[in-house]
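Remarks on the structure that follows.
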There are 2 protein chains.
Amino acid sequence: MVEKQITLQLDFRSGLPIYTQIVNQIQSQLVNGILKPGDQLPTVRALALELRVNFNTVARAYRILDEAHIISTQQGRGTFITEIPPPEVSEKLRAESLLELTDRFLSEASRLGFSEREVSQMVRDRLKSRKEADVQEKDE
Amino acid sequence: MVEKQITLQLDFRSGLPIYTQIVNQIQSQLVNGILKPGDQLPTVRALALELRVNFNTVARAYRILDEAHIISTQQGRGTFITEIPPPEVSEKLRAESLLELTDRFLSEASRLGFSEREVSQMVRDRLKSRKEADVQEKDE
DNA sequence: GTACAATGATACAATTAGTACAATAAGGAG
DNA sequence: CTCCTTATTGTACTAATTGTATCATTGTAC
């Protein structure tokens, strides 16, 4: 069986539950083409083993994604990305996933006591230095 | 689970409330490097048992530390020293931490295919809506 | 004695783990 | 090919572990 080898980065110390992190990351990877419709995801047990979590935690994430019609889980067969995500849904998901990612970032920063001002300043700075790095690459 | 075995010396006759003593000692152990960012603290029940106090007293201490962004408590999971030290511990470390956090966020956004424009726009939006939510809270 | 802060008791909620089960697929016996 | 057995997969239910919320009790200062 050819399950897609997916890479998830869990942070066990972030305030976010594991199952939420799995949901978010799979959703993001779909929206941005890393996962594609029809792809088979790892089995609940395989992914659980890889992530060192209980397989029910993965199952819970899969159930949430299933209820959102993002994946289709089939007892005895496996779990697949749904074939036809309507474009509008896809675009909506894309926006949502950036929103979620951003909110996670801002929440974490806030939780750590950084002010809004510090955060926005740092985002500007780092975006700027990234752009400069890009330009340099092109020059070479 | 591997909770850090921490040693606290309570003085029940000092007049200082237990929860204050717990707060102070955890804080100073962090400052002194005995506790490190990412460490998991004992559960409220385990520490309470060890200290022979009610677990609500420990919970109260943890809540105070949480509000000071020194630890992060997660229902059903446990309690952890925050990854990033509060300002009084080290201003330099703190700045570096925000940088790392921001870079992780920007890298992830980039990996997922979002443009710089989309990202900075979303950060502005969400900072704005957070500010509005805060104002509302204060009104109540 | 009253008021207030600290602590304790109890019930609750969220997350994760354990166990047994059901549906499907796969492979072999006949 | 058909039937049976077994392995694989997701599901359901329950238990264990964790922090939270609320109220009661205690003790101390006035």
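A note on names: the letters A, B, ... follow the listed sequences, proteins ahead of strands, and every chain is numbered from 1. Given the structure is predicted, the values throughout are model-derived calculations rather than measurements.
Put simply, CZ on A:F12 is 17 Å from C1' on C:dA14, counting in whole angstrom units. The distance from atom CZ of A:R52 to atom C1' of C:dT16 is 17 Å, rounded to the nearest whole Å. The CZ-C1' distance, from A:R13 to C:dT16, rounds to 17 Å in whole Å. Rounded to an integer number of Å, the gap from CZ of B:F80 to P of D:dT17 is 16 Å. Rounded to whole Å, atom C1' of C:dG8 lies 15 Å from atom CG of B:L51. The separation between A:D66 atom CG and D:dT11 atom C1' is 12 Å, rounded to whole Å. Between B:F55 atom CZ and C:dA13 atom P the separation is 15 Å, expressed in whole Å. Put simply, CZ on A:R77 is 13 Å from C1' on D:dT8, counting in whole angstrom units.
The shortest distance between the side-chain N/O atoms of A:T73 and the OP1/OP2 oxygens of D:dT11 is below 4.0 Å. At C:dT15, none of the side-chain N or O atoms of A:T57 fall inside 4.0 Å of OP1 or OP2 (strictly under the cut-off).
Between the side chain of B:Q25 and the backbone N or O of B:I22, no donor-acceptor pair lies under 3.5 Å.
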- Task: Starting from the C-alpha separation in whole Å, work towards a yes-or-no answer on side-chain contact (heavy atoms from CB on, under 4.5 Å) for A:D39 and A:F80.
- Result: CA-CA 6 Å; A:D39 281 352; A:F80 304 85; over 6 Å; no
- Query: Passes side-chain contact (heavy atoms from CB on, under 4.5 Å), A:F12 versus A:I18? Steps please.
  - Reply: CA-CA 7 Å; A:F12 289 89; A:I18 305 301; 3.4 Å; yes
- Message: Using the rule given for side-chain contact (heavy atoms from CB on, under 4.5 Å), can you reason through B:T43 versus B:F55, listing the C-alpha separation, both sets of side-chain angles and the distance that settles it, and then say yes or no?
- Response: CA-CA 9 Å; B:T43 68; B:F55 71 84; over 6 Å; no
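Taking for each of A:V53 and B:L16 the nucleotide of DNA chain C with the nearest heavy atom, the 5'-most of the two is the partner of B:L16.
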Each nucleotide N or O in nucleotides 4-6 of chain C that has a protein N or O under 3.5 Å away: list the pair and distance.
from: C:dA6; atom 1: OP1; to: B:Y19; atom 2: OH; distance (Å): 3.3
from: C:dA6; atom 1: OP2; to: B:Y19; atom 2: OH; distance (Å): 3.0
from: C:dA6; atom 1: OP2; to: B:R60; atom 2: NH2; distance (Å): 3.3

- Item | Contact state string [nucleotides 22-30 of chain D, B base, S sugar-phosphate only, - no protein heavy atom under 4.0 Å] | ---------
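Among residues two or more places apart in sequence or in another chain, the side chain to side chain contact (heavy atoms under 4.5 Å, CB included) test is passed with A:Q27 by A:V23, A:L65, A:I70, A:L93, A:E96, A:E100. With sequence neighbours left out, the salt bridge (charged side-chain N to carboxylate O under 4.0 Å, His left out) criterion links B:D103 to A:R126.
In terms of heavy atoms, A:A109 sits closest to A:V119 at CB-CG2, 3.7 Å.
Applying the salt bridge (Lys or Arg N to Asp or Glu O under 4.0 Å) test to every pair with at least one member in residues 9-30 of chain A, sequence neighbours left out, gives these pairs: A:R13-B:E83. The ring pair (Phe, Tyr, Trp, His ring centres under 6.0 Å) contacts involving residues 96-127 of chain B comprise A:F105-B:F105, where partners must be two or more places apart or lie in separate chains.
Closest approach to the B:N54 side chain among C:dA22, C:dG8, D:dT9 is made by C:dG8 (side chain taken as heavy atoms from C-beta onward).
D:dC30 and C:dG1 make up a base pair, with Watson-Crick or G-U wobble contacts both under 3.5 Å.
Using a 4.0 Å heavy-atom criterion, one finds that B:R45 contacts the bases of the nucleic acid, with or without backbone contacts as well.
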